[in-house]
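Here's the structure, in structure tokens; my notes come after.
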Amino acid sequence: MAAIVVNVIVAKNRQSGTNEYYSYQSGMDCCAAAAAPYNHHRNLLPFHGGKNLLAWRSGISSMHLPKYQTAFVKRPPIYYCNAASSTTAVPYLDKVDFMKLQNGSDIRGVAVPGVEGEPVTLTEPVTEAIAAAFSAWLSEKKKVDASKPLKVSVGHDSRISAQVLQDAVTRGVASAGLDVVQYGLASTPAMFNSTLTEDEAFLCPVDGAIMITASHLPYNRNGFKFFTNAGGLGKADIKNILERAVDIYNSFTDEGLMKSKRKASESLKRVDYMTAYTSDLVKAVRKAAGNIEKPLEGFHIVVDAGNGAGGFFAEKVLQPLGAITSGSQFLEPDGMFPNHIPNPEDKTAMKAITQAVLENKADLGIIFDTDVDRSAVVDSTARAFNRNRLIALMSAIVLEEHPGTTIVTDSVTSDGLTTFIENKLGGKHHRFKRGYKNVIDEAVRLNSVGEESHLAIETSGHGALKENHWLDDGAYLMVKVLNKLASARASGIAGGSKVLTDLVEGLQEPRVAVELRLKIDQNHPDLKGGSFQEYGEAVLKLLENHVESDPKLQKAPVNYEGVRVSGFGGWFLLRLSLHDPVLPLNIEASSHEDAVKLGLAVASAVEKFLALDTSALDKFLQTS
């Protein structure tokens, strides 16, 4: 039988500006054929996480540079195959379970091949369909005036798949008849801000915004966050968009895909919006200091961006305010994250910024996550302000401005934090559920029913202020911290970051704080055909009954998630993960011995659940 030859289209080569075509014979894997011209690069790949990575042609030399360049490291395109006539549906597209891409109020998937057991789910066609679906959703919400097309801004963090997905998003938006404004490397908060900024020079405000990011997840992941001027989209909106994307994806034709590419080139504009965003941050600090031009002059502040998108903060925010930023590190965007995970909760990341503060004898250290919607601080004595301590700091700042206000946090905050907020600061602590969107939405709800709240913040570092449109903005949180430093200096108060340290004086902190993950084996016969959610709820119910029968334990009178219990001078919280077959267990206590007693209470209650893997808890108990 004669070989069937099928064309493989490779998206435009960014260096040559041309399309490249290869052929393969029937029976040969389409993507393998497209990758064939690149196979000779495989021996050059770096060794990362114990696995060889698939070669990204134009990025190889950059990935081996001893010094990472300040420009965004470009990577080659992800290719797709063209095996259909121009007017029929595209038969070669893989079947995709779009609904599995939902991660709460975000979309997440695998965008880069090369990691065993993690097939690519966020391909260019999938991305194009999602972007087109968001555009259709947005058009309905905004009730489009045909004479004035809606505008959508698109930005990305430093991930190696970012530019390819940005192009696919652009095509998807353009195919729906909307105008596209590309920002390139940007932060998630800046993308939301672009829907609020009123400045024609930056083509603002836009009607909707799409941020391409997967936060602190590994290099091979990526995803999307969506915004309008009302804020980030919620879970129901994301579900709606993915349902629309299924229909769009299944109706793709070669002719339609080529048409969207032409439309993208016609409607695309590029803007350096980060200039406008950072300018607003600088103005906020100057205003807090009484309109002093350089209110941070003499302060030595180091920044650790973890090779994410936050490197701008040193040059574009701190330096114009007069701060010395020498010793700042990992400011260059590099989506392989070669130094540490950009995550303020990560111990290695916090150790890196702490060392930078000490080595440079800095007054303050600031660290961001990949897309700058989370942050943390280190003072001059190397004391880290993240998790409960960051919440305490921000609560102290906010309650000075808004006495008596309610501070909304997630469910795993400590009892000591409650005592600090309510007894020391005179505020009210409203402990809610995990998930930054849950926390923010709860603060908005409280305000709507007459309970004043000005701060919603998670232990993860997501923090949102009412004054900043309830946007979880790591850079804006740091502006509030800088405001405190600047205003203290303007008032004649010396001492550098001691001003911040003094604000959290009296915060009771546990000596032992652990989070253990108890996994549910979905294939275990003990589930008896039920879902992991049902099984997890049964575990929680039995634990609740067990606690009520134990006089040494006291169930929290007000609790919105899982089972929270006090006893033995500490507390534990067992809750069910929203998306995964896992029951996270948080334990905090004043001693290891007391923490073990709390762990034993949980272990004895759940021992009959055979599908529950308690090995993490067992290991913790064995260390006693």
Side-chain angles (χ1 to χ4, degrees), residues 106 157-159 187-189 211 213-218 221 225 281 301-314 317-318 328-331 333 337-358 362 364-395 397 409-410 412-414 417 434-437 439-440 455-465 468 471-482 497 500-501 504 507 509 513-515 586:
D106 302 340
D157 65 19
S158 61
R159 293 175 180 279
S187 70
T188 291
M211 178 63 180
T213 182
S215 188
H216 61 282
L217 294 182
R221 311 292 183 85
K225 295 182 179 182
L281 296 178
I301 303 173
V302 295
V303 176
D304 185 327
N307 302 110
F312 69 86
F313 200 80
V317 178
L318 294 176
S328 292
Q329 58 192 16
F330 318 139
L331 305 183
F337 309 123
N339 296 291
H340 63 69
I341 298 169
N343 181 5
E345 285 191 288
D346 181 69
K347 290 182 179 178
T348 302
M350 292 307 297
K351 183 179 179 181
I353 184 60
T354 301
Q355 286 179 336
V357 169
L358 293 174
L364 195 72
I366 293 173
I367 186 168
F368 295 109
D369 77 334
T370 316
D371 58 327
V372 201
D373 58 4
R374 296 187 294 138
S375 55
V377 183
V378 175
D379 70 12
S380 58
T381 68
R383 189 184 192 193
F385 289 77
N386 63 346
R387 298 186 61 79
N388 285 289
R389 207 177 286 165
L390 177 64
I391 297 174
L393 175 62
M394 293 307 304
S395 297
I397 291 172
T409 74
D410 58 339
V412 299
T413 47
S414 69
L417 179 67
R434 285 283 274 179
Y436 71 93
K437 197 72 169 61
V439 173
I440 292 171
L455 174 64
I457 185 166
E458 260 202 317
T459 48
S460 66
H462 281 285
L465 291 135
N468 193 38
L471 169 64
D472 53 317
D473 185 343
Y476 193 83
L477 277 194
M478 293 303 99
V479 161
K480 295 294 287 186
V481 171
L482 297 175
S497 61
L500 307 178
T501 308
V504 299
L507 173 66
E509 300 184 78
V514 296
E515 179 171 297
N586 292 83

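Index from 1, following the sequence.
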What closest approach, in Å, do A362 and V302 show between heavy atoms, and which atom pair accounts for it? CB-CG1, 4.1 Å

Taking side-chain hydrogen bond (donor to acceptor under 3.5 Å, both in side chains) as the criterion, tell me which of D157, T188, D373 meets it with T213. D157

To the nearest 0.5 Å, what is the distance between CE (M350) and CZ (F385)? 10.0 Å

With a sphere of 6.0 Å drawn around CD1 of I397, does it hold more than 12 non-hydrogen atoms of other residues, nucleotides or ligands? yes

We want to know whether S497 and D379 form a side-chain donor-acceptor pair, criterion being a heavy-atom distance below 3.5 angstrom. no

Using a strict threshold of under 4.0 Å (side-chain N to carboxylate O), is an ion pair present between E515 and R387? no

Check: Y436 and S460 side chains under 4.5 Å, non-hydrogen atoms: no

Contact check, side chains of P338 and F330, non-hydrogen atoms, under 4.5 Å: no

Nearest heavy-atom contact between P344 and D369 is CD-CB, 3.7 Å

Residues forming a side chain to side chain donor-acceptor pair (under 3.5 Å) with Q355, sequence neighbours excluded: none

N339 CG to N307 CG distance, which is reported to the nearest 0.5 Å: 5.0 Å

Separation between CD1 (I457) and CG (D410), nearest 0.5 Å, reads 9.0 Å

How far apart are the closest heavy atoms of V357 and S380, and which atoms are they? CG1-CA, 4.2 Å

When rounded to the nearest 0.5 Å, the distance separating CG of L465 from OH of Y476 is 6.5 Å

For residues S375 and F368, report the shortest heavy-atom separation together with the two atoms involved. CB-CD2, 3.7 Å

Taking the side chain as every heavy atom from C-beta outward, state whether R374 and E345 have any pair of such atoms under 4.5 Å apart. yes

Donor-acceptor pair, distance only, cut-off 3.5 Å: does the side chain of N586 make one with the backbone of V412? no

Restricting to non-hydrogen atoms, name the atom on N388 and the atom on S414 that form the minimum distance, rounded to 0.1 Å. OD1-N, 3.0 Å

Side chains of R434 and T459: is there a donor and an acceptor less than 3.5 Å apart? yes

Go through the steps to decide whether I366 and F313 satisfy the test side-chain contact (heavy atoms from CB on, under 4.5 Å), and finish with yes or no. CA-CA 9 Å; I366 293 173; F313 200 80; 3.8 Å; yes

From M394 atom CE to K480 atom NZ, the distance as rounded to the nearest 0.5 Å: 6.5 Å

Do V439 and H462 make a side-chain contact, defined as non-hydrogen atoms from C-beta onward lying under 4.5 Å apart? no

Shortest non-hydrogen pair, S158 vs T370, comes out as OG-CG2, 4.3 Å

Return the set of residues passing side chain to side chain donor-acceptor pair (under 3.5 Å) with S187 (not counting sequence neighbours), or none when no residue passes. none

Check whether any side-chain heavy atom of L364 sits under 4.5 Å from a side-chain heavy atom of L500, and report yes or no. yes

Donor-acceptor contact present, side-chain R159 to main-chain P218, <3.5 Å: yes

Measuring from atom CD1 of I353 to atom CD1 of I367, what distance do you get when rounded to the nearest 0.5 angstrom? 6.0 Å

Would you check if H340 and K351 make a side-chain contact, meaning some heavy-atom pair closer than 4.5 Å? no

Beyond-backbone contact of D472 with E458, side-chain heavy atoms, under 4.5 angstrom: no

Sub-4.5 Å side-chain heavy-atom contact between N343 and T348: no

Evaluation steps, side-chain contact (heavy atoms from CB on, under 4.5 Å), between L482 and L318: CA-CA 9 Å; L482 297 175; L318 294 176; 3.6 Å; yes

